[in-house]
Structures are given as C-alpha cells and as structure tokens.
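Following: one structure in structure tokens, then a few remarks.
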Amino acid sequence: VTLYGREKPVVWASLFFPAEFIYALDGVPFYPEIAAGLFAALGWGNIALARAEAHWFSQDLCSYHRLSVGASILRFFPRPSILLATSSICRGTAPFFETLSEKLKVPLYLVDVPGEYSRAAVRYVAAQLTTIAQTIRSNLKSTWDFERPFGYAQKTIAIVQEIENLRKKEEVMLLPPTKNLDYLPYYYQFMGSETALVFFEKLREHLRHNPPQTFPHRLLWLHLKPFYSGVLSTLLGEFGLGVAFEEFAAVYSGELDPRKPLLSLAEKIVATGYEFMDPKARLGRIFRWLSEYHAEGVIQFNQWGCRQSQGMNAVLQRTLRREGIPVLFLDGDHLDRRHHAEEQWRTRLQAFTEMLEH
C-alpha cells in the first residue's frame, strides 16, 4: 500500500502523535514534518518554501510548517483523509494543522496536552483519545486492532535499547556524525510496524559486526540538523567531533498494554511531551545521557523560528557550564538553504574543539 494509492485512509499526524494509533485503525501514517526533511534533502525544499511564502506564510515561521504548506499547495504530499496532532512540545503545531485542515478541507483532531506529568494529565489525554477514536471509527468504518502495532512497537523498542547499549561503548559510534537523525521516520512514522522492526534489526547487526568506529570527542546532540546538506556532518568529522547520542532518538520505553490501549498511548504522549518541555526533566535526561554515553560536551542546532528550543538555551547553557560541561549553540535552519552559515559553523566548531581539548 502506498501513500498515493488511496487503498487505505491516509492519516497526517504531528511528530509526537503516536503512529501506533494510526496503525491500529489500519491507516497509512504520514508525518509532514518528517517528509519536509526528506523534501529538503532531495533539493526541493526552496520550491515548496517559495510557494508557501507566495501565499503569505512569513519567513519568520518554522520552515517545517512553511515547507509542508507549500508542498501541500503544490500537491506533492498525498491528500489526507484526516489530520491528527498534539499540542505538546511545538506550540506552532496546532495553528499549522488548523491551517492544513482549512486549506485541505479535511477534519482535524487535536489533542490538548498539559505541560505537567501527572495521573490527572494522563487521564485527561486518554479521554480525548477515546472521543477521537470513537469519532474516527464511526466516520471511516474502521476496525481497531491494537495488538499488532503494540506488539511491533514493543519488539522494536527492545531492539532500539540494545542499539543504545552498543552506542554507550566508547569505541562505537554511528558515522558520519548526526547520521542517526536521518533515521527519524523509523523512530516516529514507522514505529508500530514491521518496517521499523526490520530496520532496527539491521542497524543492530551493523553495530555488532562492523569494525569499531569512533572520533576523538563524543558529544550529545540536541534538536535536529540541516537536512538539505551534509556540510555540517563533514565539518564535525573534520574536527573529530562525533555524536554519541541524539535527543530525538530517545524512544518511549513504557509498556503499551493492548487491554488499555488509549490509556497507554496517553501515557506515552504526556511523558514524551514532559521530557522535552519541562526544563528540569530535559536537563535530567541530558545529564544522564552525558554519563551513560561518555559524552564530554553538548551541541544544539537552533532552528530558525523555533521558539521553544531556543527559549531554553539560557537555562541549558548556565546549568551545563556550571557543571563544567562545554556547550555550543549553532544557528541556522534545518530546511531553508537561505540560512546556511558554513563559515560561521566552521569558526565556532573550531573554537569549541579547542575548548574540549584544553
């Protein structure tokens, strides 16, 4: 079944809406924010961005959303049957999906996610998922099967945890640096399917049996990266800066219980959102990863127009430096080539390397 074949309902979802929900209703998940990265990597990003801007979408908006709107107007993306989104992590997600719903004339089901992690928050999200599930099931005449996607997801997560344990060894590293961020579809869009399970099985075997690879410095990577060019990865390699682990590669490790499917997915949504949005929770994970992956510093690539990631920069910098951990913030855009800053990146990476070495 392809995204364009229309044999099953195509469901567009925001990055942190669990794909297991979509697989359970026998839909085909499509994550426009992930597809936008692929679009940019293929060299087509500025075509879609220009079309969005011609329709009065400001350059000040996140390029993931602008590119997705432009690609939708150009009909490069498959037409959805429904839209699913959560309000967690990215505060631009709700208006972005509301705009898509208006332009594409398809219904949007938005889950309001509290910023706290509590049993009340989980129950609140579970109640919304229940209402959405009942509505979709009635409208699409779908049958629901949580056993299959939950089974795939639990098997996949177990293998991802094995991969994480392999990467914790100082002589093991995924190269080139930031390469694992190219695998985001398998962490999100395909989670709960055989596709993700097979992919991570092969990645595990690659790490087990290939000769050890590493760089002099092991770093933790926060946020994402420019997908339209490999220049940044090349610069990291040039300075001997390897990436031991990436923040967006952290998988939810809680149990998905098919007897309580919507409550389980609500737990996943709330927990994931809290760990990204709450400064204390996010810092707790960063310090744990620094220790477990033997990382000596942190790099975050700031996405142009991403308020929530940059808004925590001062807290991250102050807290990490107080503990003697070098931290570097690189500026640019993940998708828009007009914000490319290769020489600035080179200068700052060189200074950061000198800091690590001294």
Side-chain angles (χ1 to χ4, degrees), residues 2-6 10-17 19 22 28-86 89-108 110 178 181-190 223-233 248 301-310 331-342:
T2 67
L3 284 166
Y4 298 89
R6 308 300 298 173
V10 175
V11 181
W12 286 25
S14 64
L15 188 60
F16 294 97
F17 194 100
I22 301 169
V28 181
F30 180 78
Y31 286 68
E33 293 149 312
I34 290 177
L38 174 61
F39 215 74
L42 292 172
W44 304 335
N46 281 20
I47 298 172
L49 290 168
R51 179 54 61 96
E53 289 157 19
H55 283 71
W56 301 100
F57 287 87
S58 169
Q59 286 190 28
D60 191 46
L61 296 172
C62 174
S63 57
Y64 286 99
H65 298 158
R66 281 187 290 127
L67 193 154
S68 297
V69 168
S72 301
I73 294 171
L74 290 167
R75 298 185 180 179
F76 286 126
F77 286 177
R79 180 170 178 78
S81 301
I82 56 173
L83 306 173
L84 299 173
T86 69
I89 303 175
C90 175
R91 293 304 180 188
T93 298
F96 164 55
F97 270 82
E98 287 167 353
T99 299
L100 289 176
S101 177
E102 180 182 337
K103 286 190 168 295
L104 299 174
K105 308 300 181 187
V106 294
L108 164 65
L110 178 65
T178 73
L181 293 174
D182 294 334
Y183 304 149
L184 286 184
Y186 301 97
Y187 286 96
Y188 296 92
Q189 182 168 339
F190 300 125
H223 214 303
L224 298 173
K225 67 170 184 176
F227 288 103
Y228 56 78
S229 169
V231 167
L232 184 55
S233 291
F248 271 71
F301 192 95
N302 290 325
Q303 159 75 341
W304 173 262
C306 185
R307 275 67 171 174
Q308 51 275 1
S309 65
Q310 296 182 43
D331 298 316
D333 196 284
H334 299 163
L335 308 179
D336 193 337
R337 291 177 179 271
R338 291 169 292 185
H339 297 286
H340 189 75
E342 180 179 340

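Small disclaimer: the values here were computed from a predicted structure and weren't measured.
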Quiz item: Is any side-chain heavy atom of Cys62 less than 4.5 Å from a side-chain heavy atom of Gln303?
Solution: yes
Quiz item: Taking the side chain from Trp12 and the backbone from Pro78, do they hold a donor-acceptor pair closer than 3.5 Å?
Solution: yes
Quiz item: Can you name the residues that form a salt bridge (Lys or Arg N to Asp or Glu O under 4.0 Å) with Asp333, not counting sequence neighbours?
Solution: none
Quiz item: Can you check side-chain contact (heavy atoms from CB on, under 4.5 Å) on Leu108 and Glu98, steps first, answer last?
Solution: CA-CA 7 Å; Leu108 164 65; Glu98 287 167 353; 3.7 Å; yes
Quiz item: Nearest heavy-atom pair of Leu49 and Ser63: which atoms, and what distance?
Solution: CD2-O, 3.9 Å
Quiz item: Distance from Trp44 atom CH2 to Leu42 atom CG, nearest 0.5 Å?
Solution: 4.5 Å
Quiz prompt | Glu33 side chain vs Leu15 backbone, donor-acceptor pair below 3.5 Å | solution = yes
Quiz item: Stepwise, does the ring-ring contact (aromatic ring centres under 6.0 Å, His included) test hold for Phe57 with His65?
Solution: CA-CA 9 Å; Phe57 287 87; His65 298 158; over 10 Å; no
Practice problem: Take the angle between the ring planes of His334 and Phe301 and call it parallel below 30°, perpendicular above 60°, tilted in between. | Solution: tilted
Exercise. Please step through side-chain contact (heavy atoms from CB on, under 4.5 Å) for the pair Tyr228 and Asn46, ending with a clear verdict.
Key: CA-CA 10 Å; Tyr228 56 78; Asn46 281 20; over 6 Å; no
Self-check item: Any Pro80 side-chain heavy atom under 4.5 Å of Val11 side chain
Solution: no
Practice problem: Could you grab the distance from atom CG of Leu232 to atom NE2 of His340, nearest 0.5 Å is fine? | Solution: 9.0 Å
Practice problem: Classify the angle between the aromatic ring planes of Phe77 and Phe39 as parallel (below 30°), tilted (30 to 60°) or perpendicular (above 60°). | Solution: perpendicular
Quiz item: Could you walk me through whether His55 and Ile73 pass the side-chain contact (heavy atoms from CB on, under 4.5 Å) check?
Solution: CA-CA 9 Å; His55 283 71; Ile73 294 171; 3.8 Å; yes
Practice problem: Kindly give the heavy-atom pair with the smallest separation between Ser68 and Pro32, and that separation in Å. | Solution: OG-O, 3.3 Å
Practice problem: Keeping the roles fixed (side chain from Arg66, backbone from Leu61), state whether a donor-acceptor pair exists under 3.5 Å. | Solution: yes
Quiz item: How about Ser14 and Thr93: does a side-chain donor come under 3.5 Å of a side-chain acceptor?
Solution: no
Exercise. To the nearest 0.5 angstrom, please state how far the CG atom of Leu67 sits from the CZ atom of Phe227.
Key: 12.0 Å
Quiz item: Okay, side chain of Glu342, backbone of Val231: is any donor-acceptor separation there less than 3.5 Å?
Solution: no
Quiz prompt | Closest contact, heavy atoms only, Leu104 versus Ser72 | solution = CD2-CB, 4.5 Å
Self-check item: Between CG on residue Leu184 and CZ on residue Phe248, distance to nearest 0.5 Å
Solution: 8.0 Å
Quiz item: Has the side chain of Thr99 got a donor or acceptor atom that lies under 3.5 Å from a matching backbone atom of Pro95?
Solution: yes
Exercise. Might you point out which heavy atoms bring Ala40 and Leu335 nearest each other, and give the distance in Å?
Key: CB-CD2, 3.8 Å
Practice problem: Go through the steps to decide whether Ile22 and Leu84 satisfy the test side-chain contact (heavy atoms from CB on, under 4.5 Å), and finish with yes or no. | Solution: CA-CA 9 Å; Ile22 301 169; Leu84 299 173; 4.0 Å; yes
Quiz item: When you measure from the side chain of Tyr31 to the backbone N and O of Ala19, does any donor-acceptor pair fall under 3.5 Å?
Solution: yes
Quiz item: Do any N or O atoms from the side chain of Lys225 and from the backbone of Thr178 form a donor-acceptor pair under 3.5 angstrom?
Solution: yes
Exercise. Give a yes or no on whether a salt bridge exists between Glu53 and Arg338, defined as a side-chain N under 4.0 angstrom from a carboxylate O.
Key: yes
Quiz item: Taking the six-membered ring for Trp, are Tyr186 and Tyr183 parallel (under 30°), tilted (30 to 60°) or perpendicular (over 60°)?
Solution: perpendicular
Quiz item: Got Phe96 and Val69 here, is their nearest side-chain heavy-atom distance under 4.5 Å?
Solution: yes
Self-check item: Over all atoms of both residues, closest heavy-atom pair of Thr86 and Leu110
Solution: C-CD1, 4.0 Å
Practice problem: List in chain and number order the residues that pass side-chain hydrogen bond (donor to acceptor under 3.5 Å, both in side chains) with Tyr188, two or more places apart in sequence or in another chain; answer none if no residue qualifies. | Solution: none
Quiz item: Between Arg79 (side chain) and Val10 (backbone), is there a donor-acceptor pair under 3.5 Å?
Solution: no
Quiz item: Judged by atom type as modelled, is there a donor-acceptor pair below 3.5 Å linking the side chain of Trp304 to the main-chain atoms of Asp336?
Solution: no
